[in-house]
Novice: 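I'd like to ask you about the structure that follows.
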Amino acid sequence: MTEEKDQDGVPIVRLNRYVLVVTPLQPWVDWIRGIEREDGLEAGEAPMTLEDAQVNFQSTFLVPWSEEAEDVVDWVADNVDVVFDQMLFDVETDSKRWPTDRSADIFDTWFDLDLLDSPIDLVDAPLIAED
């Protein structure tokens, strides 16, 4: 974490992390629709759409920072199972209903990834990890 000050002397805190933005793609929506078919939709409930998924289920993760972006890309590749599981858990907590093939290749077809450098914390309060 580095701290700078703006023109008024207010601290600008850059976190030593990258932000990984994970956006669902159509195959993820198709998996959810399969669950919806199994469980049935409630009266008046519409099936999940790609737009709904991208608005309501886009997720962000803080991942390790490195001066070499390639190191971060490698870290994400090595930990894709953790991210994949979290994206599935957000929709279905019963892992028995998750797809059995959760390989990196499948992940790449189910999600779009963006990596953003060093988020700036504009809140003048400590970061607290919640359970």
Novice: Run the side chain to side chain contact (heavy atoms under 4.5 Å, CB included) test on R97 and D39 for me, step by step, so that the C-alpha distance in whole Å, both residues' side-chain angles and the decisive distance to 0.1 Å come before the verdict.
Specialist: CA-CA 12 Å; R97 297 180 78 184; D39 293 350; 2.9 Å; yes

Novice: Does D52 reach the side chain of F57, with side-chain heavy atoms less than 4.5 Å apart?
Specialist: no

Novice: Can you name the side-chain contact (heavy atoms from CB on, under 4.5 Å) partners of R17, sequence neighbours left out?
Specialist: L62

Novice: If you look at every heavy atom in Q86 and F61, which pair is closest and at what distance?
Specialist: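 Heavy-atom minimum between the residues: CG-CE2, 3.8 Å.
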
Novice: Ignoring hydrogens and angles, state whether a donor on the side chain of W98 or D85 is under 3.5 Å from an acceptor on the partner side chain.
Specialist: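 Their side chains do not contain a donor-acceptor pair, so the 3.5 Å distance test is not met.
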
Novice: Sub-3.5 Å donor-acceptor pair from the side chain of Q54 to the main-chain atoms of P24, do we have one?
Specialist: yes

Novice: Is any side-chain heavy atom of V83 closer than 4.5 Å to one of F107?
Specialist: yes

Novice: Can you list the residues that meet the side-chain contact (heavy atoms from CB on, under 4.5 Å) rule with D108, with sequence neighbours excluded?
Specialist: none

Novice: Sequence neighbours excluded, which residues qualify as salt bridge (charged side-chain N to carboxylate O under 4.0 Å, His left out) partners of D105?
Specialist: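 Here no residue qualifies.
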
Novice: Do L113 and V19 land in one hydrophobic cluster if side-chain heavy atoms of ILVMFWY residues count as linked below 4.5 Å?
Specialist: no

Novice: Quick check on the hydrophobic clustering: are F111 and F89 connected, directly or via other members, by side-chain heavy-atom contacts under 4.5 Å?
Specialist: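 Yes; F89 is reachable from F111 via cluster members.
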
Novice: Hydrophobic cluster membership, with links at side-chain heavy-atom distances under 4.5 Å among I/L/V/M/F/W/Y: are W65 and L15 in one?
Specialist: no

Novice: Tell me if a side-chain donor or acceptor on R14 pairs with a main-chain N or O of P119 at a distance below 3.5 Å.
Specialist: no

Novice: After noting the C-alpha distance and the side-chain angles of M87 and R102, does the key distance pass the side chain to side chain contact (heavy atoms under 4.5 Å, CB included) rule?
Specialist: CA-CA 11 Å; M87 294 300 293; R102 295 191 303 276; over 6 Å; no

Novice: By the side-chain hydrogen bond (donor to acceptor under 3.5 Å, both in side chains) test, which pairs, at least two apart or in different chains, include something from residues 69-82?
Specialist: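 Residue pairs passing side-chain hydrogen bond (donor to acceptor under 3.5 Å, both in side chains), neighbours aside: S66-D71.
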
Novice: If you take the centroid of each ring, where Trp contributes its six-membered ring, are W110 and F84 closer together than 6.0 Å?
Specialist: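 Yes: the rings meet the under 6.0 Å criterion.
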
Novice: Can you get from L41 to M48 by hopping between Ile, Leu, Val, Met, Phe, Trp and Tyr side chains that sit under 4.5 Å apart?
Specialist: no

Novice: So which atom in A46 and which in E36 form the shortest heavy-atom distance, rounded to 0.1 Å?
Specialist: O-OE2, 4.5 Å

Novice: Please name all residues satisfying side-chain contact (heavy atoms from CB on, under 4.5 Å) with L115, sequence neighbours left out, ordered by chain then number.
Specialist: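 With sequence neighbours excluded, L115 shows a side-chain contact (heavy atoms from CB on, under 4.5 Å) to Y18, L20, V63, V72, V73, given in chain and number order.
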
Novice: How far apart are the C-alpha atoms of V22 and T60, what are their side-chain angles, what is the distance that settles it, and do they pass the side chain to side chain contact (heavy atoms under 4.5 Å, CB included) test?
Specialist: CA-CA 6 Å; V22 181; T60 57; over 6 Å; no

Novice: Tell me whether E45 at atom CD has more than 12 heavy atoms from other residues, nucleotides or ligands lying less than 6.0 Å away.
Specialist: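 Enclosed.
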
Novice: Quick check on the hydrophobic clustering: are I106 and L88 connected, directly or via other members, by side-chain heavy-atom contacts under 4.5 Å?
Specialist: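 I106 clusters together with L88.
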
Novice: Starting at CD1 of I35, measure out to CG of D30 and round the result to the nearest 0.5 Å.
Specialist: 12.0 Å

Novice: Which residues pass the salt bridge (charged side-chain N to carboxylate O under 4.0 Å, His left out) test with E42, sequence neighbours left out?
Specialist: none

Novice: Going by atom types only, do T23 and Q58 share a side-chain donor-acceptor pair under 3.5 Å?
Specialist: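 Yes, side-chain donor-acceptor contact under 3.5 Å.
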
